[in-house]
Amino acid sequence: QVQLVESGGGLVQAGDSLSLSCVASGGTFSNRAMGWFRRSPGKDREIVSGISNDGVTTYYVDSVKERFTISRDNAKNTVYLQMNTLKPEDTAVYYCATSPWGRVFTSPNRYDSWGQGTRVTVSS
């Protein structure tokens, strides 16, 4: 079982930036795709971004394209999400997740371990 610990959330103003980190332990990190999901009040959990095990392939939901950047450091067992030009609609709890496959999937059902979540609040 892989354990994931997110950090980096907080309260910011619209237009600001935040960087989230997720450190994994257990399992072979470099074999696993990683994803960032979020859940906003009254909304279903949605994938925000994903990255393949080798970091070559990335995915972004349309609403964050050109604003968010996902990256990973396999030597540090860490995945990052750089969030720029934040908007109030980005307010959510952000979860890091890992998939036993190397490719990126958008369905949360493909991910077998989840972090506890970190809250991001963007004020207008």
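We number each residue from 1, following the sequence as shown.
- The shortest side-chain heavy-atom distance between V122 and D16 does not fall under the 4.5 Å cut-off.
- If you take OG on S21 and NZ on K76, they are separated by 9.5 Å, rounding to the nearest 0.5 Å.
- For the side chain to side chain donor-acceptor pair (under 3.5 Å) condition, the pairs that include at least one residue of residues 90-99, sequence neighbours left out, are R32-T98, R38-D90, R38-Y94, R67-D90.
- Considering only heavy atoms from C-beta on, R39 stays 4.5 Å or farther from D44 through its side chain.
- Proximity of S113 to Q3: side-chain heavy atoms (C-beta onward) are nowhere separated by under 4.5 Å.
- Counting only residues at least two apart or on different chains, no salt bridge (charged side-chain N to carboxylate O under 4.0 Å, His left out) pair has a member in residues 91-104.
- Between the side chain of Q82 and the main chain of Y80, no donor-acceptor pair closer than 3.5 Å is present.
- A pairwise comparison of heavy atoms in V56 and S52 identifies N-OG, 3.3 Å as the closest pair.
- For the atom pair OG1 (T57) and CG (D54), the distance works out to 6.0 Å, reported to the nearest 0.5 Å.
- Between V12 and T121, the closest side-chain pair of non-hydrogen atoms is not below 4.5 Å.
- In terms of the ring-ring contact (aromatic ring centres under 6.0 Å, His included) criterion, residue partners of F37 (sequence neighbours excluded) are, by chain and number, Y111, W114.
- For the atom pair T78 OG1 and M34 CE, the distance stands at 9.0 Å (nearest 0.5 Å).
- The closest side-chain heavy-atom distance from C22 to W36 is below 4.5 Å.
- Although no hydrogens or angles enter the test, the distance criterion places a donor-acceptor pair under 3.5 Å between the side chain of Y60 and the main chain of I70.
- A 4.5 Å side-chain heavy-atom check between T69 and T58 finds every atom pair outside the cut-off.
- Here the OG-CG distance, from S25 to N77, works out to 8.0 Å after rounding to the nearest 0.5 Å.
- N53 places no side-chain N or O within 3.5 Å of a backbone atom of A33 that could act as its donor or acceptor partner.
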If you apply the rule side chain to side chain donor-acceptor pair (under 3.5 Å), what do you find for N84 with S17, and how did you get there? CA-CA 4 Å; N84 297 330; S17 299; 3.0 Å; yes

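- Checking side-chain atoms of R110 against main-chain N and O of V104 turns up no donor-acceptor pair under 3.5 Å.
- Side chain of T28 to main chain of S30: no donor-acceptor pair is present (N/O by atom type, distance under 3.5 Å, no hydrogens or angles).
- V23 places none of its side-chain heavy atoms less than 4.5 Å from the side chain of L4.
- Atom CE of residue M83 and atom CG of residue L18 lie 4.5 Å apart, to the nearest 0.5 angstrom.
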Should V120 and L20 be marked as a side chain to side chain contact (heavy atoms under 4.5 Å, CB included) after you check the CA-CA gap, both sets of side-chain angles, and the distance that decides it?
CA-CA 9 Å; V120 173; L20 305 183; 4.2 Å; yes

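- Taking OG of S63 as the reference point, atom CD of E89 lies at 8.0 Å (rounded to 0.5 Å).
- For the pair E6 (side chain) and C96 (backbone), a donor-acceptor distance under 3.5 Å is present.
- More than 12 heavy atoms of other residues, nucleotides or ligands shown are found within 6.0 angstrom of CD on Q116.
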